[in-house]
Amino acid sequence: MRLRAIVAIINPVNKADKLETMRHSASHVMAGAVLSLFPDARFGIGPAIEDGFYYDFDLPRSLTPEDLPVIEERMREIIKADLPFRHRELPRDAARKLFAAQPFKLELLDEIADDKAGVYEQGDFVDLCRGPHVASTGEIGAFKLTGIAGAYWRGDEHNAMLQRIYGVAFKSQPELEEHLARLEEAKKRDHRKLGRELEIYMFDDEVGPGLPLWLPRGGAIIEEIEKLAKEMEFKYGYVRVRTPHITKEDLFKRSGHLPYYADSMYPPMELEGVKYYVKPMNCPMHHKIFSSRSRSYRDLPVRIAEYGECYRYEKSGELFGLMRVRSMQMNDAHIYCSEDQFEQEFASVVFLYLEYFKIFNITEYYMRLSTHHPSGLGKKYVGNGAMWLKTEDMVRQAMKKNNITYDEVPDEAAFYGPKIDVQVKSAIGREFTLATNQVDFSQSESFDLKFINREGKEERPLIIHRAPLSTHERLIGFLLEHYGGAFPTWLAPVQVRLVPVADRHIGHARGLEAELKGRGIRAEVDDRSERMNLKIRQAQMDKVPYMLVIGDKEAADNSVSVRRRSGEQVPPQPFAAFLASLSEEIAAKA
RNA sequence: GCCAGCGUAGCUCAGUGGUAGAGCAGCGGUUUCGUAAACCGCGGGUCGUAGGUUCAAAUCCUAUCGCUGGCUCCA
């Protein structure tokens, strides 16, 4: 959302479509409405964004949801009046006078390169704006104000907080309503709702915010994902380790976490005069394992993997269901390689992502290269400008050579190096980094990591941090929405629900359950004294892939009547046949 | 962390100054049933927590905790 907003500001509209222009104009109309209600309002910016627009205001009082209909009403009047948007170019000084009472506009004026300031005017409202706009307010289609939010001026938390009003706008009322209906639909897929309904995970006030408890069904999913990760990592030459959750302060001083990452760490505990921190990342421990013995170039690359449990003190307002938590289990690994191995290793990690994404049928994502910004050297980023440029270019090369497309975003890197993130969207449209692949040229130095190269000399390895399966928390949160709770059979917490028609069939059903479990299949008998219809309905709501109805016929000839989650009824078949095809489906992760 | 809104039973929600409600879930019973909700009955909440105002607070005020929508920040 934030990124898109910025894009909308920097690339205004000249070649953009009419819809975007109309949305931008709608934001001006909203500003005009706010001005008429609050004559002392000060104006920030008001761009078009995906599906709509917003405008930021500094107002004498806080807005409440009740204000929105009033503003909407005023907007309708302005639209009905069909006021023309008048465009003028003013010399900077004249614009200064015009916006003398508008400190935010004055700040923007200071940054305009040439001496001309574009101004748009409709009715009483005059705004500093590059445009373009629709010809008159009457051209604005159907809109709705959707929310009020605080937003820092220019997105900087050190600046004043303005009040932002969000709106959506479409050409026609039906399109607007369709959009609103889509949002309602998306809410049903929200992982927080599904997670509760399907009993995947929970939070508890006494345990603490951002600290999920995985319920048995979530636990089953975690087991499957870890199994997959272990198979893949074994296949691709990783070795697995386990490391402690807490370590002495010294380690994180050395790693650079304390100078650069302390804000996101739980405060230390002190024992016998020594401070211990809970780990926010696994890397320092893996580095210690790498340097636990001397390494030859023949050993490289060394790929050390661990499902590491980390704790990060995310600020309270940043927590979001499973997608942003304080305790997390990370699909972590560190690859130590030589410079000439880097491209190959980096690319093969990206290919590993793609292999995983194929398994999960993840198609909607984009890759993002995050680079440093020179102004952050020594503050946000470790200070070695030359290495930043060099490694950033190595990543670009690795991506380009393998024809992998990506967006490049400056000033978003990790403190120790550039990274490729895989961005996905949650059901409600919020963007998240799912997987990440990061270069690290810094900790190699600080941990004095080395290997003996072909010439018999010591050389520093490059480090790749990677987490293709993200954390269990974020991945499963994402998958819940991705599958709408209907996990593919291999991942489904309950794969088979046995539904006895009457109590006398429970014994036979239990026998089948035992056979299924013997094959590692998650099966359970619904042995409650309820009608079969109810059991079917609940299995459907639990999104169990297979329901086996067991009655007299089935018990007599050891067959099963199969109902799929889709509602499809498969003709009765021998239990052995079902077992075979189910095992095959699970093995294929279909 | 910041701005705003919201916290009533396990879940979804009604109740805005006068003794806490519904549906689902749960429990007990009846029913033994063929592919998305059988029937009858019962229990369950110091209304997030702590103060305050009032004869009287779920309802008004303050603080605090949590959640939600954004901002900031991120796997």
Side-chain angles (χ1 to χ4, degrees), chain A residues 1-2 5 54 56 62-67 146-166 190 192-193 196-197 199 202-206 208-210 261 263-264 280-281 308 310 312-325 328-332 370 412 414 419 421-422 424 428 430-436 438 465-475 477-478 499-506 529-541 547-554 561-565 567-570 572:
Chain A
M1 190 68 109
R2 189 171 63 89
Y54 69 77
D56 289 344
S62 287
L63 293 170
T64 68
E66 292 76 59
D67 290 314
T146 49
I148 306 161
Y152 301 108
W153 168 238
R154 317 206 88 179
D156 184 334
E157 62 181 323
H158 305 292
N159 287 342
M161 180 159 272
L162 306 179
Q163 299 190 66
R164 174 173 298 177
I165 304 178
Y166 281 99
D190 190 317
R192 293 167 297 183
K193 180 175 157 69
R196 185 171 47 241
E197 287 171 357
E199 298 181 4
M202 61 176 277
F203 287 105
D204 182 275
D205 286 358
E206 270 184 286
Y261 203 75
D263 282 355
S264 300
M281 295 183 194
C310 296
R312 298 183 185 172
Y313 197 82
E314 305 289 354
K315 293 188 218 160
S316 55
E318 292 165 350
L319 301 173
F320 180 72
L322 280 180
M323 302 300 271
R324 191 77 181 276
V325 291
M328 68 210 83
Q329 306 167 65
M330 206 182 305
N331 174 231
D332 210 359
S370 299
E412 297 272 337
K419 58 177 181 171
D421 288 332
V422 179
V424 296
I428 61 166
R430 214 182 283 193
E431 187 175 307
F432 285 92
T433 299
L434 189 66
T436 187
Q438 313 178 338
H465 303 236
R466 42 113 279 180
L469 291 179
S470 192
T471 59
H472 283 321
E473 288 72 18
R474 189 168 286 182
L475 179 67
F478 172 77
V499 177
V501 173
D503 285 357
R504 64 178 178 280
H505 307 117
I506 288 176
S529 185
E530 293 287 353
R531 290 176 68 224
M532 184 205 61
N533 290 292
L534 181 82
K535 296 179 184 181
I536 295 279
R537 174 180 150 81
Q538 289 191 342
Q540 285 288 152
M541 292 196 304
M547 288 151 253
L548 301 188
V549 176
I550 308 299
D552 290 332
K553 282 179 288 186
E554 290 79 7
S561 167
V562 180
R563 180 192 166 99
R564 289 180 197 273
R565 180 166 55 188
E568 179 198 354
Q569 272 177 250
V570 184

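First the proteins, then the strands, lettered A, B, ... as listed; each starts at 1.
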Out of [options], which nucleotide sits closest to the side chain of [X]?
X      : options             : result
A:M541 : B:G70, B:A36, B:C67 : B:A36
A:T64  : B:A36, B:G70, B:G5  : B:G5
A:E314 : B:C67, B:C71, B:A75 : B:A75
A:S62  : B:A4, B:C73, B:A36  : B:A4
A:I536 : B:A36, B:G34, B:A75 : B:A36
A:R430 : B:G34, B:A75, B:G70 : B:G70
A:R537 : B:A75, B:A37, B:U72 : B:A37
A:L534 : B:U72, B:G5, B:A38  : B:A38

Answer yes or no: side-chain N or O of [X] and base N or O of [N] forming a donor-acceptor pair under 3.5 Å.
X      : N     : answer
A:R154 : B:C71 : no
A:R466 : B:A75 : no
A:Q538 : B:A25 : no
A:E199 : B:G10 : no
A:Y152 : B:G70 : no

Counting Watson-Crick and G-U wobble pairs only, both distances under 3.5 Å, name the nucleotide matched with [N], or none.
N     : answer
B:A4  : B:U68
B:C42 : B:G26
B:C55 : B:G18
B:G34 : none

Ion pair A:K419/A:D421, N-O distance below 4.0 Å: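 Salt bridge present between A:K419 and A:D421.
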Do the charged groups of A:K315 and A:E157 touch, with an N to O distance under 4.0 Å? yes
What interatomic distance, in whole Å, is found between [atom1] of [M] and the corresponding atom of [N]?
N     : M     : atom1 : value
B:A9  : B:G48 : P     : 8 Å
B:U49 : B:U72 : P     : 35 Å
B:A63 : B:A4  : P     : 12 Å
B:G10 : B:G5  : C1'   : 25 Å
B:U19 : B:G15 : C1'   : 14 Å

Please work out if [X] contacts a base, only the sugar-phosphate, or nothing of the nucleic acid, heavy-atom cut-off 4.0 Å.
X      : result
A:T471 : base
A:M330 : nothing
A:V499 : nothing

Between [atom2] on [N] and [atom1] on [X], what's the gap in Å once rounded to a whole number?
X      : N     : atom1 : atom2 : value
A:L322 : B:U68 : CG    : P     : 11 Å
A:E197 : B:C11 : CD    : C1'   : 9 Å
A:I148 : B:A4  : CD1   : P     : 10 Å
A:F320 : B:U72 : CZ    : C1'   : 16 Å

Pairwise side-chain contact, A:E197 with A:M541, heavy-atom cut-off 4.5 Å (strictly under): no
Establish, yes or no, whether the cationic atom of A:R474 lies under 6.0 Å from the six-membered ring centre of A:F432 and within 45° of the ring axis. no
Nucleic acid footprint by protein, nucleotides 27-33 of chain B - heavy-atom cut-off 4.0 Å, B for base, S for sugar-phosphate alone: ----BBB
